Protein chains: 2
Amino acid sequence: MTITEVSKKFGLSPDTLRYYERIGLIPRVNRNESGIREYTEEDCKWIEFIKCMRSAGVQVETLIEYVTLLQQGDTTIEARKQILMEQRDKLISRIEEMNRALARLNFKIEQYEARLVPVENKLKRLAHNI
Amino acid sequence: MTITEVSKKFGLSPDTLRYYERIGLIPRVNRNESGIREYTEEDCKWIEFIKCMRSAGVQVETLIEYVTLLQQGDTTIEARKQILMEQRDKLISRIEEMNRALARLNFKIEQYEARLVPVENKLKRLAHNI
DNA sequence: CCTTGACTTGGAGTTAGCTCCAGGTTCTAA
DNA sequence: TTAGAACCTGGAGCTAACTCCAAGTCAAGG
């Protein structure tokens, strides 16, 4: 696959794909005779994983660390597992944080919906503070 | 309350609190005779709300828009509700995205836990690609 | 043969959201 | 009454993660 195909497939710009490769987040992609990137199935699978983690907020640096360990072979299995577990914990707390915010938004929206409109002034405090 | 007290209470640095006020994310806080900020209960409630939204990833710009509308009174109620609903939708899709990433992390970790260690090479593909 | 368009590289620029700093004032405790 | 801590303001600096750009290569169509 060419870079534009991969770009369209995953919704990452060609610039981003090149950038990811440059910083070591994606292992070096093979080039054809004239130096143009030719993405393999394997490359795509990895990119999809990266896309998934990035869009969940996992830091680029962490993912680089992970791919680096991966390339070092079986001796790094424990370290990799550690990273995954750390990221899982972080993800869980961020999800909890977001659920709290969501509950709050829902409450506020309900206030607006319960024809709060005409008595907004009176109930302003209540509506804003929970 | 002084700025350091508020800072400690919400885990936002004094610099951040001043910054938020400067950009209009927090309405102007009253100063005492010698120009030092004196946060009211009201200020604190607002800051807590902002903190909650920010830590869920709601953009500063969006929150500024919201507080601006709020200060313009009852004529902006519909617009405010609109913002809240947009943010709720965004939040929901981000939570979904994060749950997908979480499921994936959990799967990978399980692979590592199921004594994948000795057969890592054989199952490498499976472990990485889902 | 020549132009067009997609690709290459290395490096510079951009954006959001803080974070730090200099230079100045004011409160607090010895 | 003086040293030091905490505060003020305006502005500069920083970090993460892209995003854009210039200058060059190459394949394909007219």
Side-chain angles (χ1 to χ4, degrees), chain A residues 1-40 43 46-47 49-68 83 87 90-91 94 97-98 101, chain B residues 1-40 43 47 49-68 87 90-91 94 97-98 101:
Chain A
M1 282 186 117
T2 71
I3 199 165
T4 21
E5 283 164 351
V6 175
S7 159
K8 275 164 192 159
K9 185 164 181 182
F10 297 113
L12 295 168
S13 76
D15 265 318
T16 299
L17 287 169
R18 283 189 281 257
Y19 166 69
Y20 280 177
E21 191 179 336
R22 190 155 40 162
I23 63 175
L25 206 173
I26 295 172
R28 166 105 188 156
V29 174
N30 275 338
R31 318 291 148 111
N32 66 17
E33 332 74 46
S34 46
I36 290 175
R37 284 174 183 78
E38 193 56 62
Y39 290 84
T40 65
D43 292 330
W46 180 254
I47 290 166
F49 174 67
I50 291 299
K51 170 84 199 286
C52 176
M53 292 301 123
R54 282 297 300 129
S55 62
V58 177
Q59 293 209 19
V60 163
E61 209 193 320
T62 308
L63 294 168
I64 293 175
E65 212 186 317
Y66 184 75
V67 70
T68 306
I83 290 178
Q87 293 312 307
K90 283 191 186 181
L91 218 51
R94 263 183 289 137
E97 229 162 17
M98 294 178 77
Chain B
M1 285 187 117
T2 71
I3 198 165
T4 19
E5 284 164 350
V6 174
S7 159
K8 275 165 192 159
K9 185 164 181 182
F10 298 112
L12 296 167
S13 76
D15 266 318
T16 298
L17 288 169
R18 283 188 282 255
Y19 167 69
Y20 279 178
E21 190 179 336
R22 190 154 40 162
I23 62 175
L25 207 172
I26 295 171
R28 165 105 188 157
V29 173
N30 275 338
R31 317 292 148 109
N32 67 16
E33 332 75 45
S34 47
I36 288 175
R37 284 175 183 78
E38 193 58 64
Y39 290 83
T40 65
D43 292 328
I47 290 165
F49 174 67
I50 291 300
K51 170 85 200 284
C52 176
M53 293 300 124
R54 283 294 302 129
S55 61
V58 177
Q59 292 210 21
V60 163
E61 209 190 320
T62 308
L63 294 168
I64 292 175
E65 211 186 319
Y66 184 76
V67 70
T68 305
Q87 293 311 308
K90 283 191 185 180
L91 217 52
R94 263 183 288 138
E97 227 162 18
M98 294 179 77

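None of these values were measured; they are calculated from a predicted model. Just so we're on the same page: letters track the sequence lines, and every chain starts at 1.
Residue pairs meeting the salt bridge (charged side-chain N to carboxylate O under 4.0 Å, His left out) criterion with at least one partner in residues 52-65 of chain B, sequence neighbours excluded, are absent.
Remark: Ser7(A) pairs with no residue by the side-chain hydrogen bond (donor to acceptor under 3.5 Å, both in side chains) rule, at least two apart or across chains. Applying the side chain to side chain contact (heavy atoms under 4.5 Å, CB included) rule to Gln59(A) yields the partners Thr62(A); only residues at least two apart in sequence or on another chain are considered. Partners of Arg22(B) by salt bridge (Lys or Arg N to Asp or Glu O under 4.0 Å), not counting sequence neighbours: none found. Here Thr2(A) pairs with Thr4(A) under the side-chain hydrogen bond (donor to acceptor under 3.5 Å, both in side chains) rule; sequence neighbours left out. Residues satisfying the side chain to side chain contact (heavy atoms under 4.5 Å, CB included) test with Asp15(A), not counting sequence neighbours, are Ser13(A), Arg18(A). Contacts of Thr40(B) classified as side-chain hydrogen bond (donor to acceptor under 3.5 Å, both in side chains), with partners at least two apart in sequence or in another chain: Asp43(B). Judged as a side chain to side chain contact (heavy atoms under 4.5 Å, CB included), and not counting sequence neighbours, the contacts of Lys9(A) are Met1(A). Legend: residues meeting side-chain hydrogen bond (donor to acceptor under 3.5 Å, both in side chains) with Arg37(A), ordered by chain and number and at least two apart, are Glu21(A).
Using a 4.0 Å cutoff to heavy atoms of chain B, the contacted part of DNA chain D runs 5' to 3' from dC7(D) to dG11(D). You can see that DNA chain C meets the heavy atoms of chain A within a 4.0 Å-exclusive cut from dC7(C) to dG11(C), reading 5' to 3'.
Within residues 4-18 of chain A, the residues having any heavy atom closer than 4.0 Å to DNA chain D are, in order of number, Asp15(A), Thr16(A).
Classified by interplanar angle (parallel below 30°, tilted 30° to 60°, perpendicular above 60°), the ring pair Trp46(A)/Tyr66(A) is parallel.
Nearer the 5' end of DNA chain C, as judged by each residue's closest nucleotide, is the contact made by Glu61(B), out of Glu61(B) and Ser34(B). Both Leu25(A) and Glu33(A) lie near DNA chain D, and the one whose nearest nucleotide falls closer to the 5' end is Leu25(A). Comparing Arg22(A) and Val58(B), the nucleotide of DNA chain C nearest to each residue sits closer to the 5' end for Arg22(A).
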